[in-house]
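Just below is one structure, and these are the notes that go with it.
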Amino acid sequence: MSGRAQLMWDEAVTGYDFGRDHPMDPVRLALTRSLVGALGLDRDVNVVAAKAAGESTLRLVHREDYIDAVRAASADPGSADPSYGLGTIDDPAFAGMHEVSALIAGQSVGAAEAVWRGEALHAVNFAGGLHHAMPGAASGFCVYNDAALAIARLLELGAERVAYIDVDVHHGDGVQAAFWEDPRVLTISLHEHPRTLFPQTGWPEETGAASAEGSAVNVALPAGTGDAGWLRAFHAVVPELIAHFRPQVLVTQHGADTHFEDPLAHLAVSLDAQRAVQLACHELAHEHADGRWVALGGGGYAVVEVVPRSWSHLVAIAAGRPVEPTTPVPDEWRRQVYARTRESAPHRMTDGRWPVPWAAWDEGYDPADRLDQAILATRRAVFPLRGLLP
Ligand SMILES: [Zn+2]
């Protein structure tokens, strides 16, 4: 088994572009790729462009009539059918939409295949993590659900237990829906509470269908949750479930929109806490999944200030060469950012919060605290279903 990590990248993924004024600006992908290069990380990964996901792969998750609708909207954006979520404000149709969405999905499927076959121990597709796409509809800036497709491909290849951890600020609803009835897949999502954020799902009581009770886990965090609370919640819920489930592969989604600078949501997490969770996911993969780790991007709309640094840390961790938070952001990259966006890039690979302090759950909790109430709600709803103490 190769120890080298794979970075999935095809320049053409930057064609995933809903147009001017849409918050998901593909410059975030281009700038992440160039920061990875500027930090010298290309030496420590194999950069691989996988082929686009074909019809039979897309069909592992998506309905045939939906794929046809995406193809039609892709060929003629004016004819997009809003009953499939296409041609909407969140998911405007654009020429080539099918092809580039399938290409992004192909990178995540390729990452899963490489990890399953032992060609790479870890594989990263930061263009992926499009977790809102449903089997039969586009939703929340997501056309094809590359995360669900990667997991479905692992099952097709023979995996019996796959764990999915989603730390995007939004609920990982599409991935949860795809495996709602499948006990082979444990989905865990930590997100801002559905009362205050799209997609208004991800309540602790959502725990999976009767055939797969306890296979969906949701931690609904109060708006305003910061670094200490976010890390406390992650560690109060995730490691115990992963240790007990013993996944053969860990798939993680690292939406960077939990950040305090993010314009679309209301958590207050720093880059440093995001990095701490990336490190924790890496460790969980080694402790419980023989190191098999597929790491994906996701949301993130502070496209200069946050996303490139967050996902460069992710690539570096997968590459086995974590970037120290105090590392200066390379000047050549800062110049490029200014040239492309007329925005001034951050100076360091940190928000100055490292190391991030947090308090462990098993040292006690406060039933009157809103964060602890959220953690308790999740543990009470799902831990007993998995044979664990709440
Ligand atoms: Zn998100």
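Everything quoted here is computed from the prediction, not taken from an experiment. FYI, the numbering just counts along the sequence from 1. Counting starts at 1 for both ligands and their atoms, in listed order.
- Residue pairs meeting the ring pair (Phe, Tyr, Trp, His ring centres under 6.0 Å) criterion with at least one partner in residues 174-211, sequence neighbours excluded, are His132-Phe198, His171-His191, His193-Trp203.
- Taking the Zn ion (ligand 1) as reference, Asp257 places its N/O/S atom OD2 nearest.
- Salt-bridge check for Asp351 with Arg353: failed, with every basic side-chain N at 4.0 Å or more from each acidic carboxylate O.
- Taking the side chain as every heavy atom from C-beta outward, Leu264 and Pro23 approach each other to under 4.5 Å.
- Residue His170 counts as close to the Zn ion (ligand 1), with an N, O or S atom under 2.8 Å.
- Among residue pairs with one or both ends in residues 16-32, none qualify as side chain to side chain donor-acceptor pair (under 3.5 Å); sequence neighbours excluded.
- Considering just the N/O/S atoms of Asp168, the one nearest the Zn ion (ligand 1) carries the name OD1.
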